[in-house]
**Q** 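Have a look at this one.
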Amino acid sequence: MNISPLQAARYQYNPKLPGMLRHGISEICVRSGGATESVADQDKIKALFPNTYGKNEIVFEKGVNTSENKKLTVGVILSGGQAPGGHNVICGLYDALKATNPANVLYGFKGGPSGLLEDDYIIFGDEYINQYRNTGGFDIIGSGRTKLETEEQFAIVVENCRKHGVNALVIIGGDDSNTNAAVLAEYCAAHDTGIQVIGCPKTIDGDLKNEDIECSFGFDTATKTYSEIIGNIERDANSAKKYWHFVKVMGRSASHVALECALQTQPNICLIGEEVAAKKMSLAEIANYIADSVAARAAKGWNFGVAIIPEGIVEFVPEFSVLIAEINELLAGSKADAFNVLPTWEDKYAFIENGLTKQSMAVFALLPQNIQQQLFLERDPHGNVQVSLIESEKLFSALVAENLKARKAAGTYSGKFSPLHHFLGYEGRCAFPSNFDADYCYSLGYNAAMLIQYGFTGYLSKVSNLSKPAEEWVAGGMPITKMMNIERRHGHDKPVIRKALVELEGAPFKYFAEHRDQWAVETSFVYPGAIQYFGPSEVCDLTTRTLALEKA
Ligand code: FBP
């Protein structure tokens with residue numbers, strides 16, 4: 001493997017464990033908290049998880065290790081989108097298993113959940129795993145988005161585990177994967193398989209978060225990577241003084257990534273989807289809000305600026321959601337064929353005009369033609385519009401340009417508006433993990449091994465007190481059912497882990513809201529620079545601004 005000097009140096013980094021896991025394995029014991037209840041729909045969740053519901057929260061502490069001394073064979077998978085630090089979860093798991101008993105074995109099932117179904121695996125050894133310590137990416141075993149949710153699939157998983165003597169599985173994934181981990185744990189318990197299942201909270205989106213999960217891993221590094229780039233763009237904007245940059249950032253529906261990047265870089269504008277929904281803002285109102293900043297800055301002679309647009313923004317604009325629902329209906333089933341055979345865009349436009357309500361047609365007519373066409377080109381496997389693929393950075397810059405044209409005609413604006421567009425997503429998902437993510441992930445994996453050793457199942461590896469130095473972090477486990485409620489998904493009631501949206505009453509949003517009016521007009525840019533791995537702790541071991549504000 002060809003490695004860069006940074007990668008070679010990162011191999012030497014020793015991830016920091018929570019103080020309570022730093023004693024030898026023989027000195028880690030369990031303190032039990034109280035029994036738990038799901039966050040909502042207790043009776044329904046309890047009925048669905050009779051074997052794993054209501055278990056105690058647990059915390060590890062210094063004491064005599066009382067776990068049963070048996071050989072462990074563990075399987076691990078990475079599930080869903082990449083997030084920096086995934087490799088370290090596996091390294092922490094591996095190291096704890098080997099420290100407990102050198103005969104313990106760790107299987108890595110390849111390509112995500114499908115590896116478990118297809119029995120595609122590797123067995124980890126020192127030489128292989130050492131190449132991945134403190135590195136980004138999921139290439140150690142690969143990842144995938146196959147959903148593990150049916151009884152037929154579970155039966156195959158159990159059969160494959162039995163074949164190799166695997167007595168525990170660790171599932172590293174987001175809210176859906178951890179929901180499925182809980183269902184699999186229940187299945188394994190109900191069928192007396194003896195297979196334990198432990199989850200680990202992953203996603204750069206930051207939406208796997210609740211009173212038990214302070215943050216998902218990967219969010220720290222991804223937002224630092226995006227913030228470095230946004231800071232560089234801001235500095236370029238402030239140097240050339242001639243462009244407005246519209247930067248879309250990944251994060252699926254919730255706006256946690258956008259908000260964190262705004263807190264780190266202080267751009268002129270950052271849209272927050274959850275606020276747009278709460279205020280029921282229209283596209284025109286959002287464009288007007290951005291144009292106010294453009295015009296105010298132009299009046300000072302500053303025809304430049306930076307606007308951050310969250311990936312999921314359009315889903316939160318009520319009139320846009322209605323439009324999407326109508327388009328999905330318009331093209332449902334065989335109706336799509338009638339649309340697809342129409343030869344020209346004019347013909348298609350007439351079809352659309354005929355099919356949409358007047359209100360939705362008015363919204364549609366507002367959109368630039370390339371966005372209009374995107375809405376009809378990109379469909380998901382169910383035939384629905386793929387909202388996440390809409391180039392919302394271009395949509396909003398076009399709407400702002402229209403708004404400014406009207407202001408110019410009215411004589412209220414005389415600036416110059418030259419927009420440039422960026423989309424930051426994949427650039428951050430495989431970055432070398434920050435010290436925070438390297439430490440947090442290693443701890444999650446190490447902790448998962450301790451949960452397995454003590455016989456827990458249906459638990460999420462939980463490390464908390466994360467805004468403090470690692471020494472003070474608290475390691476333990478929480479039953480996944482505690483985080484669940486019932487939600488309607490694809491026409492069915494399903495037990496799921498609740499996705500966390502940005503809290504408009506939370507400290508991070510409030511801080512942003514207090515400062516944004518000034519940022520909109522002044523040039524208050526902050527240039528965070530690259531992630532620092534080596535140097536003073538106050539530079540290298542910083543958590544996100546979100547976490548710092550939440551735990552202030
Ligand atoms: P997870 O929810 O699986 O962690 O993935 C997050 C994410 O990076 C989103 O921010 C983004 O919308 C999506 O994955 C992109 O998916 P894909 O990798 O399939 O293009």
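Just follow the structure's listing: the first ligand is 1, and inside any ligand the first atom is 1. In what follows, every heavy atom counts, from backbone to side chain, and hydrogens, waters and symmetry copies are set aside.
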**Q** With distance as the sole test, does Lys248 use its side chain to make a donor-acceptor pair with the main-chain N or O of Lys394 at under 3.5 Å?
**A** no
**Q** Any donor and acceptor pair, going by atom type alone, linking the side chain of Asn88 with main-chain N or O of Cys441 inside 3.5 Å?
**A**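 Not at all, since once roles are kept as given, no pair shorter than 3.5 Å links the two residues.
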**Q** List ligand 1 atoms under 4.0 Å from Asp205, heavy atoms only on the residue side.
**A** 2 (O), 6 (C), 7 (C), 9 (C), 10 (O)
**Q** What protein heavy atom sits nearest atom 13 (C) of ligand 1, and how far off is it?
**A** Arg252 NH2, 3.5 Å
**Q** Counting from 1, what ligand 1 atoms have a heavy atom of Glu311 closer than 4.0 Å?
**A**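 Reading through ligand 1 atom by atom, the close ones are 10 (O), 11 (C), 12 (O).
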**Q** Checking a contact table here: which protein heavy atom is nearest atom 3 (O) of ligand 1, and how many Å away?
**A**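 Nearest protein contact, heavy atoms only, for atom 3 (O) of ligand 1 is Gly81 N, 2.8 Å.
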**Q** Just by distance, no angles: are the side chains of Tyr289 and Glu285 close enough, under 3.5 Å, to form a donor-acceptor pair?
**A**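 There is no such pair between these side chains.
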**Q** Is it true that Ser227 and Gln264 share a donor-acceptor pair across their side chains at a distance under 3.5 Å?
**A** yes
**Q** With His245 as reference, evaluate His421, Glu393, His422 under the side chain to side chain donor-acceptor pair (under 3.5 Å) test and give the passing residue.
**A**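 Among the candidates, only His422 passes.
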**Q** Below 4.0 Å from ligand 1: does a non-hydrogen atom of Gly174 turn up there or not?
**A**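 Gly174 does not count as a contact of ligand 1 under the 4.0 Å cut-off.
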**Q** Assess, by modelled atom type and distance only, whether the side chains of Asp541 and Asn435 contain a donor and an acceptor separated by less than 3.5 Å.
**A** yes
**Q** As an exercise, identify every atom of ligand 1 less than 4.0 angstrom from a heavy atom of Thr203.
**A** 1 (P), 2 (O), 4 (O)
**Q** Atoms of ligand 1 less than 4.0 Å from Gly251 heavy atoms?
**A**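 With Gly251 as reference, the close atoms of ligand 1 come out as 10 (O).
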**Q** Classify the side-chain pair His256/Thr546 by whether it contains a donor and acceptor separated by less than 3.5 Å.
**A** no
**Q** With no hydrogens and no angle check, just 3.5 Å: does a side-chain donor-acceptor pair link Glu57 and Thr36?
**A** no
**Q** In ligand 1, which numbered atoms sit nearer than 4.0 Å to a non-hydrogen atom of Tyr426?
**A** 15 (C), 17 (P), 18 (O), 20 (O)
**Q** With heavy-atom distances below 4.0 Å as the criterion, list the atoms of ligand 1 near Gly80.
**A**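 In order of number, 3 (O).
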**Q** Do me a favour and list the nearest non-hydrogen protein atom to atom 7 (C) of ligand 1 with residue, atom name and distance?
**A** Arg429 NH1, 3.6 Å
**Q** For atom 14 (O) of ligand 1, which candidate among Gln82, Lys202, Arg145, Met250 holds the nearest heavy atom?
**A** Arg145
